[in-house]
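Quick notes on the structure that follows.
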Amino acid sequence: MKKMKEQPTKKIESTDRNHGVIYSILNWLAKPSEKLKLNRQILVVAYFFAFLFVALIVYIGYYVAVPGKEDVTSPYNPRQNLFSDRIIKGSLKTSDGKVIAKSVKGQDGEYTRSYPAGRLFAQVVGYDIYGKSGLESSANYYMYSSHSNIFERIVKDLKDEKNMGDTVYTTLDYDLQQSAYNALGNYKGAVVVMEPDTGKILTMVSKPDYDPNSLKANWEYLNQDEDSALLNRATQGLYPPGSTFKIVTALEYMREKKNWKKFSYTCTGTTKVDHVNIKCAGKTAHGEEDLYDAMANSCNCAFVTLGSDLNFASYRNTAESLLLNQKLPINLEYSKSRFALSKDSDKSEMPQTAIGQGETLMTPLLNCMIVSAVANDGVMMTPYLTDYVESYDGNLVKKFTPTAYKEVMSEEEADALTDMMVGVVEEGTAGALSGLAHTYAGKTGSAEHAENASPHAWFVGFSPVEDPQIAVCVIAEDGGSGSGVAVPIAKQIFTTYYEKYK
């Protein structure tokens with residue numbers, strides 16, 4: 001019988017190349033040694049699963065360290081109160097040490113939340129019943145953690161007693177919050193105060209408000225109330241920004257027109273651009289103006305004229321770089337601000353957009369972030385409300401530090417906008433802030449929003465100009481004139497700040 005001819009052995013190297021780099025590496029690692037004659041395929045599979053195991057451990061470690069905490073603190077996480085059976089939820093305090101939320105033990109032995117400041121911090125502190133909102137939600141994870149003395153915790157655990165949760169110190173300033181609350185008076189609206197160079201939110205007021213101590217009894221009414229008192233207007237209220245948006249329009253004009261300083265316009269009080277009739281407040285004729293004058297006078301006619309010469313796509317890019325249509329870097333409930341203009345929009349949409357009307361909508365928080373970026377040489381800081389966390393017996397657990405979100409404009413652009421806003425104070429519509437002990441830059445706005453309704457009154461600004469320490473945004477719904485209503489509110493806040501810190 002003939003022997004069968006032996007088939008030539010195929011070269012493994014040539015087929016390895018067809019399986020990619022990872023296969024080649026595993027194949028190399030799996031080369032059998034002379035001492036251990038193991039099957040090559042078994043070793044390849046073993047190394048492969050070992051690689052997957054290591055990758056899984058690395059991913060889990062990363063998830064716990066980075067995005068995991070966001071999920072834990074999310075208001076949509078049903079396991080937020082995972083430790084409530086053995087930890088008493090800690091307190092919230094202002095930066096100056098005043099308690100604004102705490103847990104108190106009832107006659108039935110159960111703990112409920114108490115709010116010593118009442119209505120003053122209602123929306124920003126939020127609630128912890130029928131769900132969570134505000135700081136009661138975003139700082140929940142830290143308040144349901146306990147870093148008190150370890151021996152004390154062990155003893156209480158053995159006794160089946162609850163440990164005291166950590167205390168969260170917020171960035172909120174009690175006196176500034178009180179000042180803004182009083183200044184806003186009976187107006188519906190909001191006030192936001194920030195440190196431009198850190199992003200710390202010093203004040204966040206929203207009206208109408210409610211008493212969080214009686215929330216349970218009034219829950220059904222508040223959910224049906226047309227005034228939406230549960231809504232935090234500072235972060236969730238969407239308003240036409242009116243003339244405060246001329247800051248964005250001026251920025252875009254400077255970027256497109258290298259000779260923007262030569263802009264010249266003669267205002268007669270009314271104009272017609274792209275079949276849209278525009279008038280200045282009271283049909284005031286401002287006469288010959290450059291861009292600085294147009295900003296100081298809040299001249300609608302000048303801004304719709306220069307706006308008609310802007311590139312739609314570029315304008316939208318600038319607006320979105322300032323976080324309109326974008327997510328905000330804050331762990332709090334908020335609404336996205338809206339900029340509808342695009343490269344496909346009709347020319348007739350530009351005039352209203354250029355003066356902050358039309359379909360443009362902004363939250364007071366974003367408006368404050370933008371003016372803070374102007375004050376901070378073009379760098380927008382990440383806004384935050386939690387300063388540090390302490391154990392209930394006074395040991396530091398965690399410190400939050402300022403972080404820059406991004407540079408949204410150049411330092412030269414920020415300087416030019418600052419000069420324009422100084423002109424608004426010294427020669428224009430925010431004149432109530434001129435001649436004071438400190439320097440100010442600002443922009444007023446009167447935003448039309450409904451037929452036969454008074455405009456919303458806006459102000460955004462900062463002080464002192466040479467080294468900005470505080471940025472303020474005010475909106476008073478149906479307030480009418482920004483200069484007549486919003487500026488005096490801001491002035492009271494600035495005054496309180498300087499009396500306390502200077």
Side-chain angles (χ1 to χ4, degrees), residues 239-257 260-261 263-265 267 271 273 276 278-281 284 286 289-310 314-316 318-319 321-322 324 337 339 341 349-362 364 366-375 408-409 413-431 440-449 455-462 471 473-475 481-483 486-487:
Y239 304 93
S243 290
T244 62
F245 199 71
K246 289 171 182 172
I247 294 171
V248 180
T249 303
L251 175 61
E252 176 60 22
Y253 188 77
M254 288 190 293
R255 288 178 172 177
E256 290 191 35
K257 311 295 180 184
W260 62 268
K261 290 184 178 180
F263 172 81
S264 180
Y265 178 79
C267 173
T271 190
V273 177
V276 179
I278 298 293
K279 63 181 180 180
C280 289
T284 302
H286 297 117
E289 298 174 305
D290 59 13
L291 189 54
Y292 292 93
D293 297 327
M295 184 73 83
N297 297 325
S298 199
C299 180
N300 289 338
C301 295
F303 269 87
V304 297
T305 300
L306 65 84
S308 65
D309 200 25
L310 297 178
S314 177
Y315 195 9
R316 184 182 181 92
T318 291
S321 73
L322 296 171
L324 282 95
S337 297
F339 186 83
L341 200 69
E349 296 179 43
M350 175 59 88
Q352 293 289 351
T353 301
I355 57 174
Q357 297 286 169
E359 296 184 41
T360 305
L361 296 172
M362 287 180 69
L366 181 56
N367 220 349
C368 195
M369 289 168 64
I370 291 173
V371 76
S372 293
V374 175
V408 295
M409 64 189 76
E413 290 168 339
D415 287 344
L417 289 172
T418 297
D419 289 342
M420 293 179 200
M421 293 169 66
V422 169
V424 173
V425 171
E426 294 183 350
E427 303 170 7
T429 56
Y440 298 87
K443 184 69 194 81
T444 59
S446 300
E448 297 178 0
H449 61 97
H456 295 325
W458 280 95
F459 173 82
V460 292
F462 56 87
C473 175
V474 174
I475 181 167
S481 163
S483 58
V487 173

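Within a 6.0 Å sphere centred on CD of Glu448, other residues, nucleotides and ligands contribute 12 heavy atoms or fewer.
Using a 4.5 Å heavy-atom threshold, the side chains of Val460 and Lys443 count as touching. Counting heavy atoms from C-beta on, the side chains of Leu322 and Met409 come closer than 4.5 Å.
Panel note: side chain Thr360, backbone Gly356; no donor-acceptor pair is recorded below 3.5 Å. Between the Lys246 side chain and the Ser298 main chain, a donor and an acceptor come within less than 3.5 Å of each other.
With sequence neighbours excluded, no residue forms a side chain to side chain donor-acceptor pair (under 3.5 Å) with Asp293. For Tyr253, the ring-ring contact (aromatic ring centres under 6.0 Å, His included) partners at least two apart in sequence or on another chain are Phe263. Every side chain to side chain donor-acceptor pair (under 3.5 Å) that Thr318 has, sequence neighbours left out, goes to Glu252, Arg255. Every residue was checked against the side chain to side chain donor-acceptor pair (under 3.5 Å) condition with Ser308, not counting sequence neighbours, and none meets it. Not counting sequence neighbours, Phe462 has no partner by the ring-ring contact (aromatic ring centres under 6.0 Å, His included) test. Every residue was checked against the side chain to side chain contact (heavy atoms under 4.5 Å, CB included) condition with Ala281, not counting sequence neighbours, and none meets it. Judged as a salt bridge (charged side-chain N to carboxylate O under 4.0 Å, His left out), and not counting sequence neighbours, the contacts of Lys257 are Asp309. Residues satisfying the side chain to side chain donor-acceptor pair (under 3.5 Å) test with Ser481, not counting sequence neighbours, are Ser483. Asp290 meets the salt bridge (charged side-chain N to carboxylate O under 4.0 Å, His left out) test with no other residue; sequence neighbours excluded. Residues satisfying the side chain to side chain contact (heavy atoms under 4.5 Å, CB included) criterion with Ala457, sequence neighbours excluded, are Ala476, Val485, Ala486. Residues passing the ring-ring contact (aromatic ring centres under 6.0 Å, His included) test with Tyr315 are Phe339, sequence neighbours excluded.
Expressed to the nearest 0.5 Å, how far CG of Asn297 lies from OH of Tyr292 amounts to 15.0 Å. Note that CE of Met295 is 10.0 Å distant from OG1 of Thr444, once rounded to the nearest 0.5 Å. The CD1 atom of Ile278 lies 6.5 Å from the CG atom of Asn300; values are rounded to the nearest 0.5 Å. Between Phe303 atom CZ and Cys267 atom SG the span is 12.0 Å, to the nearest 0.5 Å. We find the CG-OG1 distance between Asn367 and Thr244 to be 4.0 Å, quoted to the nearest 0.5 Å. The line from CD1 of Ile247 to CG of Leu251 is 10.0 Å long, rounded to the nearest 0.5 Å.
When all heavy atoms are compared, the tightest approach of Glu289 to Ala294 is OE2-CA, 3.8 Å. Minimum heavy-atom separation, Leu324 to Ile370: CD1-CD1, 4.4 Å. When all heavy atoms of Ser337 and Met362 are compared, the pair lying nearest together is OG-CA, 3.4 Å. Across all their heavy atoms, Ser446 and Pro455 have their closest contact at C-CB, 3.9 Å. The two atoms that bring Gly442 and Val424 nearest to each other are O-CB, 3.2 Å, heavy atoms only. Pairing each heavy atom of Tyr265 with each of Cys301, the nearest pair is OH-CB, 3.4 Å.
The aromatic rings of Trp458 and Tyr239 lie perpendicular to each other, with more than 60° between the two planes, well past the 30° mark.
The side chain to side chain donor-acceptor pair (under 3.5 Å) contacts involving residues 414-426 comprise nothing, where partners must be two or more places apart or lie in separate chains.
Of the residues listed (Thr249, Thr271, Thr353), the one engaging Val304 in a side-chain contact (heavy atoms from CB on, under 4.5 Å) is Thr271, and it is the only one.
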